[in-house]
Q: 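To start, I am sharing the structure in question, which I have written as structure tokens.
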Amino acid sequence: MVKRLFLILLLLPLVVFAENGTIQSGKIWPDEDGNHINAHGGGILKYNGTYYWFGEHKSEHTSSALVGVTCYSSKDLLHWHNCGVALSVTDERGHDIEKGCVLERPKVIYNKETKKFCMWFHLELKGQGYNAARYGVAVSERPEGPYEFLYSQRANKGTWPIEFGEKEIASANALNMADFKEGWTPEWLEAVGKGLFVKRDFKTGQMSRDMTLFVDDDGKAYHIFSSEENLTLHIAELTDDYLHHSGRYTRVAPAGHNEAPAIFKHDGTYWMITSGCTGWDPNEARMFSAPSIWGPWTQHPNPCRGPLADKTFGGQSTFILPVSSGDKTQYIFMADIWRPRHPSDARYIWLPIEFEDGKPVVRWREEWSTF
Ligand code: DGJ
């Protein structure tokens, strides 16, 4: 009897969540089987009327990838079916995605021409900390996978950003790491802005860490990632099959130290929300806008409002999901509350984006419903 009562008490919050049919950020989010959803640093793809949520599988005691990328599906963004592992790490020693690597922030987009689902993610090779700074690409014919790993590498080897003309290339080429004994001085920051790290990594490829993907209205897709030791964001155009970089890329907020990019487009304006770089600890969100994906990008104040607004409510951005009903579109800001000591217990923040004076605002709500 006591056991049964204990079980009922244990399950009560789950039942309340499902019955209320509301989104409650920071709580346990049970899937259809009653297990907390394990899809962190994730993103969502809508395909044929179903939402597919892809994210990092997190284990009990380590943030390294022991399983891979998980996939959940839902029709209403509230009830989630566990579709299993979309991309598995492997036991093969020395493989790019060997079990124990760091595999973060997976995102999937659908290519209408090739009819393939294309997954990109941040990859760090096993045993190398965060030094590899690569992106990985995998592909599948079905949204839920299994995905076939294609390759991983650094970005845009041997290519300057599109805004670099002869003068900028000459100025970047004149910069040398050895001339800067100390980081974070005004001179060093100026040099970073002019491409100190772009030049350093020119031959081997640009670093690629926290990332997202974005498909524009014209079908062109972009990979947006923290590069240059997380000091500068890069936006790189993808090839038509969404499996490679086309070679065209731009830098956003040089030396601005941004991570966790999440992007959406509203009424022709591109909006990007990012975080600062404080590891697993939350910090104040940043926001940028641009009239074109190629910029110019302008920084705005923190869009968050409410308790812990100066710490992104305890979370870090990961994705912004447009949800449409009739002629209305709502944008959902998605973030992760990391729990590095118990990674699988990390929580999710989903909040609707409102507009005030034409600018996005993310206001804390204990619970809310999509339309
Ligand atoms: C912050 C990043 O946004 C996360 O994805 C992860 O890489 C952690 N840093 C690791 O400290």
Side-chain angles (χ1 to χ4, degrees), residues 37-44 53-70 87 89 96-97 100-108 119-136 152 154-155 206-214 223-235 252-253 256-263 272-288 302 304 311-320 333-350 362:
I37 292 172
N38 197 334
H40 309 275
I44 292 182
W53 175 356
F54 299 89
E56 305 159 24
H57 176 277
K58 293 270 189 206
S59 304
E60 289 279 300
H61 304 296
T62 173
S63 293
S64 299
L66 302 184
V67 172
V69 177
T70 46
L87 174 70
V89 293
D96 286 7
I97 56 165
C101 64
V102 170
L103 200 167
E104 294 180 339
R105 299 184 177 269
K107 306 287 179 296
V108 173
M119 178 188 290
W120 288 55
F121 51 90
H122 167 203
L123 179 71
E124 298 292 347
L125 302 175
K126 185 176 178 181
Q128 297 187 23
Y130 276 80
N131 293 327
R134 293 186 183 195
Y135 67 90
S152 80
R154 282 206 171 174
Q206 302 298 318
M207 300 176 96
S208 179
R209 293 204 183 113
D210 277 13
M211 56 144 283
T212 192
L213 296 176
F214 175 71
H223 176 210
I224 302 162
F225 53 98
S226 295
S227 192
E228 305 177 32
E229 303 286 356
N230 291 353
L231 284 155
T232 301
L233 290 162
H234 287 190
I235 300 184
V252 179
H257 218 202
N258 286 279
E259 276 191 328
I263 187 172
M272 181 153 59
I273 298 180
T274 68
S275 73
C277 303
T278 50
W280 299 112
D281 296 334
N283 55 53
E284 188 172 76
R286 292 102 179 265
M287 183 166 74
F288 300 84
N302 174 13
C304 299
K311 291 273 186 285
T312 319
F313 319 113
Q316 189 183 28
S317 40
T318 183
F319 196 70
I320 294 168
F333 171 74
M334 296 168 49
D336 298 279
I337 303 175
W338 302 115
R339 296 264 161 90
R341 290 207 194 122
H342 187 182
S344 57
D345 189 37
R347 305 295 171 88
Y348 309 102
I349 295 174
W350 286 15
V362 186

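Read the numbers this way: they start at 1 and go in the same order the structure lists the ligands and their atoms.
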Q: Check Ala285 against Ile273 and note the closest heavy-atom contact, atom names and distance.
A: CB-CG2, 4.1 Å

Q: Look at the aromatic rings of Trp338 and His40 and report parallel, tilted or perpendicular, splitting at 30° and 60°.
A: tilted

Q: Only one of Glu104, Glu259, Glu124 forms a salt bridge (charged side-chain N to carboxylate O under 4.0 Å, His left out) with Arg209, so which one is it?
A: Glu124

Q: Step through the shown structure and confirm whether more than 12 heavy atoms of other residues, nucleotides or ligands are within 6.0 Å of NE2 on His61.
A: no

Q: Heavy-atom cut-off of under 4.0 Å around ligand 1: list whichever protein residues fall inside it, by chain and number.
A: Glu104, Arg105, Tyr130, Asp210, Glu259, Gly279, Trp280, Gln316

Q: Phe319: what forms a ring pair (Phe, Tyr, Trp, His ring centres under 6.0 Å) with it, not counting sequence neighbours?
A: none

Q: Among Phe54, Phe214, Phe225, Tyr135, which one satisfies ring-ring contact (aromatic ring centres under 6.0 Å, His included) with Trp120?
A: Tyr135

